[in-house]
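Note sheet for the following structure.
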Amino acid sequence: MWGFLLFAAAAWLVIGWSVLRLEPAGIAAVAGPVVLFGAVCEGLRALAGTRTWWLNAGLAAVFAATGAAMLFSDDSGWTTTASLTGWYLLVRGAVDVAVGIMTRGSDRVWSLLVTVGVLETTLGFVAAGPLARDAGSVVVILGGLGVLRAVADLVTALRLREMAAKGRDVLELPPERATGLAGYTAGHTDVEGSMRRPARHRARETTTTHAESFHDRVVRTTADLDAMLAEAGITGPRPGAPAPPESAGLPAVPDSPAGIESTPAANAAKPDRPAGGH
């Protein structure tokens, strides 16, 4: 989705620059395709499956009808072009303002989108009102339309790309955690599958028992294992962990019978044999 928006932003920027280079006499033939391109962008957004697909689909239909009316208009001047361009800017600006305000709690660039929407709405009022009295002003308004849409689509594309990158970082787990999660999931699936088996003698069941969930079983088993380790005197850190500061001067723990015999503590605790060898 963000790749398409990035392409649309580049296209809008080219449109805005190209329109400003046109002669006023050719503005009526160019404004219709520009609005139709806006309808295509809204249609592709709707097909992307976003939460506001229905809004984008409605805008695509409205803008397609507006562009078709501009193409098949009998008015050879720029009056119809100015009024329909103003209509497009008013609708698109109002939607940008509404969406920006609705996402102000989850999107940090909402104020920029609201600003773009306000500027679009202002241009729409100017284009649809009596202030646009010559073709030169219509050219400037249509060029501003392309620049504003380029800014809005570019910011949205970069924001979607940033969110997609953060989503991939969250889903990537360390190897040990991924292994633990896979084992937990496999055990949960096995336990849930065994609990769903129907009882063969339902008529003999007189009382209702609540089976222990898999999570509770894991917590209980882990607590029992910790208690057993504590009773066995195994309270040290796991193998490979850094030694605590107070154990820096202690001798190494022997790990074989020969090592136990050679330690000073073992030699000191060993009793002296009698002279006769008995």
Side-chain angles (χ1 to χ4, degrees), residues 1 4-48 50 52-100 113 115-157:
M1 182 63 182
F4 161 72
L5 288 176
L6 195 62
F7 169 77
W12 278 117
L13 194 60
V14 172
I15 289 173
W17 179 82
S18 302
V19 167
L20 293 175
R21 305 298 299 173
L22 290 176
E23 294 294 334
I27 193 65
V30 176
V34 170
V35 176
L36 287 178
F37 178 72
V40 172
C41 292
E42 298 298 335
L44 292 178
R45 285 188 180 187
L47 294 177
T50 58
T52 57
W53 67 268
W54 53 272
L55 181 60
N56 296 123
L59 291 177
V62 172
F63 296 157
T66 303
M70 297 171 72
L71 286 177
F72 296 104
S73 176
D74 296 334
D75 188 6
S76 59
W78 47 265
T79 306
T80 303
T81 301
S83 61
L84 293 180
T85 302
W87 162 254
Y88 173 83
L89 285 167
L90 284 173
V91 175
R92 183 67 261 187
V95 172
D96 285 340
V97 171
V99 173
L113 296 179
T115 303
V116 171
V118 170
L119 293 177
E120 288 175 340
T121 306
T122 304
L123 282 179
F125 274 109
V126 172
L131 296 178
R133 296 184 178 275
D134 56 349
S137 60
V138 179
V139 171
V140 174
I141 290 172
L142 198 60
L145 182 155
V147 173
L148 290 176
R149 291 312 307 157
V151 172
D153 288 344
L154 180 60
V155 171
T156 305

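Just so you know, residue 1 is the first one in the sequence shown, and it goes up from there.
The side chain to side chain donor-acceptor pair (under 3.5 Å) analysis of residues 58-69, with sequence neighbours excluded, yields the pairs T66-W87. Screening residues 28-47 for ring pair (Phe, Tyr, Trp, His ring centres under 6.0 Å), with sequence neighbours left out, gives W12-F37. Here salt bridge (Lys or Arg N to Asp or Glu O under 4.0 Å) pairs that include residues 28-41, with residues two or more places apart or in two chains, number zero. Applying the salt bridge (Lys or Arg N to Asp or Glu O under 4.0 Å) definition to pairs two or more places apart or across chains, those involving residues 137-149 are D96-R149, E120-R149, R149-D153. Legend: ring pair (Phe, Tyr, Trp, His ring centres under 6.0 Å) pairs involving residues 120-153, not counting sequence neighbours: none detected. Residue pairs that meet the ring pair (Phe, Tyr, Trp, His ring centres under 6.0 Å) test with at least one member in residues 131-150, sequence neighbours left out, do not exist here.
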Requested in this report: Might you work through the side chain to side chain contact (heavy atoms under 4.5 Å, CB included) test for V99 and L55, ending with a clear yes or no?
Outcome: CA-CA 10 Å; V99 173; L55 181 60; 4.3 Å; yes

Query raised in the report: Which is it for L89 and L145 under the side chain to side chain contact (heavy atoms under 4.5 Å, CB included) test, yes or no, and what are the steps along the way?
Result: CA-CA 7 Å; L89 285 167; L145 182 155; 3.5 Å; yes

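Note that the CD1 atom of I141 and the OG1 atom of T81 stand 11.5 Å from one another [nearest 0.5 Å]. Note: L142 CG to Y88 OH = 10.0 Å, rounded to the nearest 0.5 Å. Taking CG of L36 as the reference point, atom SG of C41 lies at 11.0 Å (rounded to 0.5 Å).
For T122, there are no side-chain hydrogen bond (donor to acceptor under 3.5 Å, both in side chains) partners at least two apart in sequence or on another chain. Under the side chain to side chain contact (heavy atoms under 4.5 Å, CB included) criterion, A39 pairs with F63, A64, not counting sequence neighbours. Under the side-chain hydrogen bond (donor to acceptor under 3.5 Å, both in side chains) criterion, T156 pairs with no residue, sequence neighbours left out. Every residue two or more places apart in sequence or in another chain that forms a side chain to side chain contact (heavy atoms under 4.5 Å, CB included) with A82 is listed here: W78, V138. S137 is linked by a side chain to side chain contact (heavy atoms under 4.5 Å, CB included) to A132, D134, counting only residues two or more places apart in sequence or in another chain. Among residues two or more places apart in sequence or in another chain, the side chain to side chain contact (heavy atoms under 4.5 Å, CB included) test is passed with V30 by V19, L22, V34.
At a threshold of 4.5 Å between non-hydrogen side-chain atoms, the residues T80 and M70 do not count as touching. With a 4.5 Å cut-off on side-chain heavy atoms, L44 and N56 do not count as touching. Residues V97 and V118 have side chains in contact (heavy-atom distance under 4.5 Å, counting atoms from C-beta outward).
Shown here for A31 and T85, the closest heavy-atom pair between the two residues is CB-OG1, 4.2 Å. Closest non-hydrogen pair, L71 versus P33, comes out as CD2-CD, 3.7 Å.
Just one residue in the list V40, L59, L5, T52 forms a side chain to side chain contact (heavy atoms under 4.5 Å, CB included) with R45, and that residue is L5.
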